[in-house]
Each structure stands twice: as C-alpha cells, then as structure tokens.
Amino acid sequence: MADTTAIPASVVRNLSDKLYEKRKNAALEIEGIVKQLAAAGDHDKISAVINLLTYEFTYSAQANHRKGGLIGLAAATVGLSTEAAQHLEQIVPPVLNSFADQDSRVRYYACEALYNIAKVVRGDFIIFFNKIFDALCKLSADSDANVQSAAHLLDRLVKDIVTESDQFSIEEFIPLLRERMNVLNPYVRQFLVGWITVLDSVPDIDMLGFLPDFLDGLFNMLSDSSHEIRQQADAALSEFLQEIKNSPSVDYGRMAEILVQRAGALDEFTRLTAVTWINEFVKLGGDQLVPYYADILGAILPCISDKEEKIRAVARETNEELRMIRADPSEGFDVKAILSIAKRQLSSEWEATKIEALHWISALLEKHRLEVLSYLNDIFDTLLKGLSDPVDEVVLLVLEVHACIAKDEQHFRQLVVFLVHNFRVDKNLLEKRGALIIRRLCVLLDAERVYRELSTILEGEADLDFASTMVQALNLILLTSSELSGLRDLLKQSLANVDGKNLFVSLYASWCHSPMAIISLCLLAQTYQHASAVIQSLVEEDINVKFLVQLDKLIRLLETPIFAYLRLQLLDPGRYMWLLKALYGLLMLLPQ
C-alpha cells in the first residue's frame, strides 16, 4: 500500500482533477517537493512519493488519476535532476505500462511523460531501450493521430540519445528488431526503416554485421503498397550494399540464402533488387559463396527468362560470372547439386533457361567429367526427353551434351540404345526430329561409328515394322544429307576399298528390313548385280500400296544429283549391264 502522506492532500486532489491546468500546477508542486527531498538526501521519502504516484494514480481505474500520475512521475524526475538515475526502475515501468492504455489521452500523456523523463536522464535510460522501442513500435501505428504525433517526437529524442550513448547494446536489440521486421503495418515499417538507417549511421554500431538478421524484412518492404516505404527500404538496402562493397569481412553465406528466396518473389522490384545483390555477391564473395553456388544458380536460371529486361540482363551477367569461377569439389564445390539444378531447369517452359542449363551441364562435363559421369543416371532420362523439345536450338545443345558424354565407348552404346528405344516408343520423335538428331550426332560423333552402331542394334530388332521404318529413315538421311557425303563416298568404293566393303557389310544386315533401303544401298555401293538379284526376289513380296510408295520414293531419289554418277553409267550399257537390268527390274515392278 502506498504512503498517502508523502504528498499533501491538496496536491493529491489537484493531481487527479479533470482540468489539465490544476494537474499541471500539482505536478509543479511535486517537482518542488522532490527537489527538497533530493537536496536533503531523503531517498526513502522520494521512493514513497513515486510509489504513491504509481499505485494510487497510474494504476487507477480513473483516467484523470492516470493522467495525473504520469505528469507527476515526469515532474518527480525533473525534481530529482542528476539523481534521477537511481529511481528509474520505479519511474519508467508504470509509464511504459500506460502506453497500452485504452484511453488515447492517457497514451498521449505517457508519451509526453517519457519525453520529459528522457530529457532529464538521457543515456541512463538506455537500460529500458528494448521496452521503449517495442512500445514506440506499437504507438507508431496508433489509431489516434495526436498519440502518433507525440510518439514521433519521443522517437526523435530517443534516437538522439541512442546515437550519443556508449551504453547501447546492439546485440540485445537485434532479436527484437528481427521479430518486428515481419509486421505489415505501413507506419510500423516506416518506424523500423527509420531506426535501421539511424543505427547504421552511428560509427560505433556495426549494423552490417547483423544485416542477415533483418535483411529479409527489408526485402519484404520492397513490395509494400506505399511508394514511400518502398523508397525508404530501397535506400537502406542500397546503403548496405555500398557498405558491403567497402567492407573487408562480410557474412555472404547467410545473406545468400535470403537473396536466393527473394529472387523468386512475385514482385518485380524485389526480384530485380535480389538479383542485383546476388550479382554483386558473386563478384565480391569469392570462396565464401562456393557452397551456395547451386542455390544461387537455381535462383538465377529462371531469371534469365524473366519478363523484365533489366532482370534478364543482370541474371545473364551473373550466370556468366558464375561459370567463369574456377572451383573444385575439394573446396566445397558441389557438382551433384549444380547438376540437379540444371536438370530441374531443363523442365522449364522457358527456352533461354533451358539453353543455359544445358550450357552448365556442358561446362561441368568439361571441368569435372568423372564427377558428372558418376551421377549420369540422375540426368540421363531428362537429357533424352530434351530431344523432344519443340525448339531446335535446345535439341542441338542436348545432342552436344550427349555427344560429350558418349566419348567413352560404354556411354556411346548406351546413348544409341536409348535413342533407338525413344524412337520406338515415340514415333512422332522419329518423324519430326529423327533427321535432325541423326545428322547432328553424325557430325559430333563420327558418322560411320554412329551408323555402324545403329545397324548392329536394328539387326536384332524384334519389332519388324519399327525396324523397317527406322531403316528407311536412316537410309534417306544417308542418301540426302550433306553431313554424310563422306560416308556415301566410302560406300561407292566398296568394291575396291576394304573400309568401304566393311561398312557395306555392316549396314547390309539391318538394311534388309526394308527392300527399297537395301536396293538403294546396293545402287550406292555400285553392287549392281546384287541389286538386280534383290529386285528379282521381290516377286515373292506382297506388292501393296505401302510397297509402291517406297518404290516411288526410291525412283525419285535416283533422279537426284546424288545418283548422277549412276545415270551417267547408263551411257555405257555394255560395261554396266547389271545396272541396266536392275533398273529394268524396278520398272517392271511399277504399276503398268
């Protein structure tokens, strides 16, 4: 129970009066009483006065009593002057408690009281900073404009005191700041950015060291509906980025995790800022960022296809910077993680992203071939699916990756086996992409090697219809593609050249799946007598529409420049009797 004799009855009465002037006069009298007690060194009596103001007034159910108590506590502090510090534990808590009062006028007087208290004690009240900050944070969004205004004035004074104090503990403050950063209220957000900016301007406070604790909150504010808040958050982030560039030691890792998340934000400005930061980090971070390369790449690759040109440009630059960095698995460079990211992005709907993902797989194969091949099973199916991509450039790049993998004999056979399997299950792939795939593989992996392997596989093909279709496609490519001119020249010499003969024999076994393919192979290899024998044997075949269509295609091919040498040989019928006989045979097979 408070000692009611500590203050004269008339003063107690006036302090709870509904008129402000009477309360103010009573407060002045309390100031005088406390000043006399302080001069006499009677701190017990001073404690009794503060207790009376606290329990009989600030905790009263009557609003005017609470208002009087607050003005009284401020007056007591003024009376104590330099000796106020030892009574702050009694004075400040009831004032802070009043910040949550239901009556807006009480909250207003609480702001006014703490302002006057702070003016007297200055740095001594830093011990209450977190509680004061928390209260001001809530008051910044107060429903009453007058309370907001009073809170702003108090906030300004507290900032002044903190910037000149050597007792402020940033370590104790950061957890509270981190907790408050997720608040969505625009007034609170402005309040928080204001404090971050002020504390960062104090030379003795290392805000940069704690940036990972509130960086995500600042990025959150970039998508605020208020232009002013977006501007303030952007200005704070720009200042921190500049500090990072000038700082010798920065915790890039923790911040990189935040930036990776923000690079995928729905808000365009947030994405641009995050990608810009990642770009700077990649240039500055060096070895620190090696364990985060996969995550960074996962954030950058989708941004390469962003609808906003600025984001695309920064993402492309960052991607190139990443690819230029020489890092080794022994330094924490995770080949498997980066492969996994590239694999995931191969399923992207965006062409540019898929192309860059393939460039990454190629780069990894070049620098870390053995590691990539050890994870080949994880990516092989995805790479094969890439052959069905609607974009030619993507298909060509997929083939380059496959060709790079297939430099080893075992992987070469695996590729061709899988390729034939894909053609078997996806007839559309063979029809639309078959020629492109086979021609490109012949350029990348040696045409003879590719055709020999395909022939070996197709020779034992159980699905005869597919084998026939596949051989017809391979035959057409062989006869018409500029990339296979060397193979055609070799086959033309099969009667005189051992290599040509071996190639002819190698292809012959599987080309038998299609009568027209075997005839055209014989004509190309100039084995005209055998061609005539094959044509003679066709009388046993079922001469249906499908057969006649293939025959028509063959005759059209004979009229192309590739078979010009054959047509010229007809000028010498004595020497090329079997050629003449073969062509007459074809003529006899045509509908009369």
Quiz prompt | Inter-residue atom distance Leu177.CG - Ile196.CD1, 0.5 Å rounding | solution = 5.0 Å
Quiz prompt | Distance-only donor-acceptor check, side chains Ser468 and Gln472, under 3.5 Å | solution = yes
Output side-chain donor-acceptor pairs under 3.5 Å for residues 392-400, partner residues at least two apart or in another chain, one line each.
{"residue": "Asp392", "atom": "OD1", "partner": "Arg433", "partner atom": "NH1", "Å": "3.1"}
{"residue": "Asp392", "atom": "OD1", "partner": "Arg433", "partner atom": "NH2", "Å": "3.1"}
{"residue": "Glu400", "atom": "OE2", "partner": "Arg440", "partner atom": "NH2", "Å": "3.4"}

Self-check item: Donor-acceptor under 3.5 Å (Asn130 side chain, Glu172 main chain)
Solution: yes
Exercise. Please determine if Glu309 and Arg312 form a salt bridge, counting it only when a charged side-chain N lies under 4.0 Å from a carboxylate O.
Key: yes
Quiz item: Cation-pi between Arg230 and Phe269: NZ/CZ under 6.0 Å from ring centre and within 45° of the ring axis?
Solution: no
Quiz item: Strictly by modelled atom types, are Thr353 and Ser305 linked by a side-chain donor-acceptor pair under 3.5 Å?
Solution: yes
Quiz item: Looking only at atom types and distance, does a side-chain atom of Arg567 sit under 3.5 Å from a main-chain N or O of Leu558, one as donor and one as acceptor?
Solution: yes
Exercise. Sorted by first residue and then second, give each side-chain hydrogen bond (donor to acceptor under 3.5 Å, both in side chains) pair with at least one member in residues 479-492; sequence neighbours left out.
Key: Arg439-Glu483
Quiz item: Would Asp378 and Lys343 pass as an ion pair if we require N to O under 4.0 Å?
Solution: no
Exercise. Please round to the nearest 0.5 Å and tell me the distance separating atom CG of Leu284 and atom CG of Asn246.
Key: 9.5 Å
Self-check item: Under-4.0 Å salt bridge between Arg452 and Glu448
Solution: yes
Quiz prompt | Phe504 ring center near Tyr508 ring center (under 6.0 Å) | solution = yes
Quiz item: Should Arg449 and Glu409 count as an ion pair when the cut-off is N to O under 4.0 Å?
Solution: yes
Self-check item: Aromatic ring pairing Trp511/Tyr451, orientation class (parallel under 30°, perpendicular over 60°, tilted between)
Solution: tilted
Quiz prompt | side-chain hydrogen bond (donor to acceptor under 3.5 Å, both in side chains) contacts in which one or both residues fall within residues 194-205, not counting sequence neighbours | solution = Asp155-Trp195
Practice problem: Drop me the distance from Ile555's CD1 to Met516's CE, to the nearest 0.5 angstrom. | Solution: 8.0 Å
Quiz item: Which pair of heavy atoms, one from Ala294 and one from Ile341, lies closest together, and at what distance?
Solution: O-CG1, 3.4 Å
Exercise. Could you grab the distance from atom OG of Ser340 to atom CG of Asp334, nearest 0.5 Å is fine?
Key: 9.0 Å
Quiz prompt | Test applied, side-chain hydrogen bond (donor to acceptor under 3.5 Å, both in side chains); reference residue, Glu356; option that passes from Arg316, Gln345, Arg323 | solution = Arg323
Exercise. Considering only NZ, NE, NH1 and NH2 on the basic side and carboxylate oxygens on the acidic side, decide whether Arg424 and Asp463 come within less than 4.0 Å.
Key: no
Quiz prompt | Test: Arg262 and Asp216 ion pair at under 4.0 Å | solution = yes
